[in-house]
Amino acid sequence: MNIDAPETIKVSQTRVSCDGGGGALGHPKVWYTIGPEGFIECGYCDRRFVLESGPADKPADG
């Protein structure tokens, strides 16, 4: 069985919100602040928000 990786979204600001993106099928809107590691993962849906040009923003092949 192959499980897809959670969605990764590149952002330009350290303050992000997530509602699961599914309308009524999503989750409550939550706010996160990206720290020095350069990314944050949503506690509900595991989406990963990566700060553009931050330490976690690497090319797909590297």
(message) Restricting to side-chain hydrogen bond (donor to acceptor under 3.5 Å, both in side chains), what partner residues turn up for Thr33, sequence neighbours left out?
(response) Arg15
(message) Between Val50 and Ile9, is there shared hydrophobic-cluster membership here, with clusters defined by ILVMFWY side-chain heavy atoms closer than 4.5 Å?
(response) no
(message) Going by the rule side chain to side chain contact (heavy atoms under 4.5 Å, CB included), which residues pair with Gln13 if we only count those two or more places apart in sequence or in a different chain?
(response) none
(request) Might you work through the side-chain contact (heavy atoms from CB on, under 4.5 Å) test for Val30 and Ser17, ending with a clear yes or no? (result) CA-CA 5 Å; Val30 290; Ser17 68; over 6 Å; no
(request) Could you list all the ring pair (Phe, Tyr, Trp, His ring centres under 6.0 Å) pairs where at least one residue sits in residues 21-44, not counting sequence neighbours? (result) His27-Tyr44
(request) Check side-chain hydrogen bond (donor to acceptor under 3.5 Å, both in side chains) between Glu37 and all other residues, then give those that pass, not counting sequence neighbours. (result) none
(request) Apply side-chain hydrogen bond (donor to acceptor under 3.5 Å, both in side chains) to Asp46 and list each qualifying residue two or more places apart in sequence or on a separate chain. (result) none
(message) Would you say that Cys45 contacts Cys18 through its side chain, given a criterion of any heavy-atom pair below 4.5 Å between the two side chains?
(response) yes
(message) Can you tell me how far apart NZ (Lys10) and CZ (Phe49) are? Round to the nearest 0.5 Å.
(response) 14.5 Å
(message) For residues Ile40 and Leu51: do they belong to one hydrophobic cluster (side chain heavy atoms under 4.5 Å, members Ile, Leu, Val, Met, Phe, Trp, Tyr)?
(response) yes
(request) Name all residues meeting the salt bridge (Lys or Arg N to Asp or Glu O under 4.0 Å) criterion together with Asp19; count only those two or more places apart in sequence or in a different chain, and write none if there are none. (result) none
(request) Enter the distance from Arg47:CZ to Glu7:CD here, rounded to the nearest 0.5 Å. (result) 4.0 Å
